[in-house]
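Every chain is numbered from 1, with letters handed out A, B, ... down the list of sequences. Hydrogens, waters and symmetry mates are skipped; everything else that's a heavy atom, side chains included, is used.
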2 protein chains.
Amino acid sequence: MSWSRHGGGGTERRGYHHGNLREALIEAAVSLIAAKGPAGFTIAEAARQAGVSPAAPYRHFRDADALLGEVALRGFERLEAALTRAWANGTPAPVPAFEAMGRAYLGFARDEPAYYAAMFEAHVPREAAPGLQSAGDRAFAVLREAAERLAAVAPKERRPPALMMALHVWSMAHGIASLFVRPDPSRRKLPMTAEELLEAGVLIYLQSLGLAGGG
Amino acid sequence: MSWSRHGGGGTERRGYHHGNLREALIEAAVSLIAAKGPAGFTIAEAARQAGVSPAAPYRHFRDADALLGEVALRGFERLEAALTRAWANGTPAPVPAFEAMGRAYLGFARDEPAYYAAMFEAHVPREAAPGLQSAGDRAFAVLREAAERLAAVAPKERRPPALMMALHVWSMAHGIASLFVRPDPSRRKLPMTAEELLEAGVLIYLQSLGLAGGG
DNA sequence: CGAATCATGTAAGAGGCACTCACATGAGCT
DNA sequence: AGCTCATGTGAGTGCCTCTTACATGATTCG
């Protein structure tokens with residue numbers, strides 16, 4: 001039992017029972033995904049890092065998808081927090097705050113690749129973890145509420161449905177993150193940073209609605 | 001040797017040698033990915049469908065990534081063809097032709113989910129198949145050239161870099177395809193079709209450049 | 001305080017897959 | 001006909017997922 005004595009990996013082990021195996025497995029999953037991509041993660045390896053036998057994780061997660069789903073869920077919570085922070089309730093002004101949210105989205109994809117991968121690349125079924133779907137909804141809601149606020153200050157005759165604005169911006173941000181922030185066979189070199197690309201795109205879009213600069 | 005007699009699957013088998021195993025494996029991979037997602041594809045299962053032993057595929061592909069990479073390569077070729085057809089060299093007019101390209105992109109994601117998944121979701125390394133990177137480049141080039149043509153008819157003072165336009169539109173189309181055309185934990189119901197969403201987004205964007213309707 | 005209970009961990013194992021290597025087959029060339 | 005080489009087979013290694021029966025010890029309750 002090489003795994004039962006000293007606990008090797010991240011979290012300490014105090015006896016036959018681990019003490020906090022569930023959390024330790026989630027941490028291990030995050031670090032494995034960060035290191036080797038979502039496909040490089042295995043239950044067996046996570047168990048090894050946590051210092052338990054390969055069967056132990058099944059006491060806490062039905063299967064690999066459930067563990068990955070838990071990582072994705074926490075990712076959505078973190079993204080929601082990051083977007084909320086960036087939006088800062090629309091301060092100092094709605095348009096720059098909106099731009100800040102875009103940067104926050106790309107920053108999240110860049111800085112938390114493991115969470116991002118679990119959320120968008122691992123293709124975890126929505127029902128893999130309870131609350132996963134709603135965590136995703138809450139993250140989107142931040143963007144949507146910001147869009148409502150923005151739409152409210154647009155000239156009436158150009159005012160678009162806020163939900164549509166939110167979907168457009170989310171799509172562009174997500175597309176840029178997927179194509180240019182993360183490695184991909186279709187990836188190409190950009191003549192600018194991903195953040196600049198998104199900012200320019202959003203500005204052009206908002207101009208059309210009478211919300212930014214040269215509208 | 002259940003596999004050596006009649007060849008069961010798609011392609012006929014005439015003896016000890018298959019005759020066209022390489023193609024048969026690619027077809028099998030496409031149908032498997034379509035049926036069970038990119039993770040549901042295995043070399044062993046593809047071999048089974050082709051009616052050969054599990055070791056045979058390795059005579060034609062270094063590993064699973066190489067086979068998946070070949071599928072992705074062909075996907076980029078098909079996408080390039082679809083985009084070229086939709087753009088129709090800018091006829092009848094650049095803006096509607098551009099919109100048609102957007103619809104073609106989403107149509108591709110919807111109608112060829114196996115190819116789309118191999119291209120964008122399987123995370124095949126760019127070097128997995130020779131020519132994969134350049135096939136991706138060629139597909140993007142169609143969009144880029146269309147953007148050049150569009151930019152050329154924009155009012156000079158608003159004319160954006162064509163490459164940037166192409167990147168913006170590609171990103172939005174790809175984001176919409178990823179988030180709303182294909183299943184995903186973050187997927188949500190749309191108040192409109194994906195095609196309508198993209199068309200509206202592109203129109204708003206182009207308006208800002210003096211290229212569409214109410215600019 | 002001591003015993004029953006139950007959550008949590010282990011051992012063992014069935015079944016599957018990726019990939020390798022030595023060997024078999026037969027297609028195409030001379 | 002005989003050679004040669006691409007292509008396919010069989011067998012095997014090592015790793016993975018997930019299951020089942022059993023072990024351990026924290027907790028609860030008489």
Search all heavy atoms of B/Met192 against all heavy atoms of B/Leu197 and return the closest pair with its distance.
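Taking B/Met192 first and B/Leu197 second, the nearest heavy atoms are SD-CA, 3.5 Å.
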Between [X] and [N], is there a side-chain N or O to OP1/OP2 distance below 4.0 Å?
{"X": "A/Arg59", "N": "D/dT24", "answer": "no"}
{"X": "B/His18", "N": "D/dA6", "answer": "no"}
{"X": "B/Arg48", "N": "C/dC17", "answer": "yes"}
{"X": "A/His60", "N": "C/dG9", "answer": "yes"}

Grab the [atom1]-[atom2] distance between [X] and [N] for me, whole Å please.
{"X": "A/Phe41", "N": "D/dC16", "atom1": "CZ", "atom2": "P", "answer": "12 Å"}
{"X": "A/Leu21", "N": "D/dA26", "atom1": "CG", "atom2": "C1'", "answer": "16 Å"}
{"X": "A/Asp63", "N": "D/dC16", "atom1": "CG", "atom2": "P", "answer": "17 Å"}
{"X": "A/Arg62", "N": "C/dT8", "atom1": "CZ", "atom2": "P", "answer": "16 Å"}
{"X": "B/Asn20", "N": "D/dA6", "atom1": "CG", "atom2": "C1'", "answer": "14 Å"}
{"X": "B/Tyr58", "N": "D/dA11", "atom1": "OH", "atom2": "P", "answer": "18 Å"}
{"X": "A/Ile43", "N": "D/dT19", "atom1": "CD1", "atom2": "C1'", "answer": "14 Å"}
{"X": "B/Leu68", "N": "C/dC19", "atom1": "CG", "atom2": "P", "answer": "11 Å"}

Quick one: does B/Met119's side chain get under 4.5 Å of B/Leu79's, heavy atoms only?
yes
Side chains of A/Tyr105 and A/Ile176: closer than 4.5 Å at any heavy-atom pair?
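No, too far: nothing below the 4.5 Å cut-off.
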Could you pick out which residue, A/Glu45 or A/Ala55, lies toward the 5' side of DNA chain D when each is mapped onto its nearest nucleotide?
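Residue closer to the 5' terminus by nearest nucleotide: A/Glu45.
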Whether the side chain of B/His168 engages the backbone of B/Ala166 through a donor-acceptor N/O pair (distance < 3.5 Å, no angle test) should be reported.
no
Indicate the ring-plane relationship of A/Tyr115 and A/Phe108, choosing parallel, tilted or perpendicular according to the 30° and 60° boundaries.
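Tilted, since the angle between the ring planes falls between 30° and 60°.
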Under 4.0 angstrom, heavy atoms only, what part of the nucleic acid is B/Ala44 near: base, sugar-phosphate, or nothing?
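The answer is sugar-phosphate, as B/Ala44 gets under 4.0 Å only of primed atoms, P, OP1 or OP2.
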Output the single nucleotide from D/dT17, D/dG8, C/dG9 whose closest atom is nearest the side chain of B/Ala56.
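Out of D/dT17, D/dG8, C/dG9, the nucleotide with an atom closest to B/Ala56's side chain is D/dG8.
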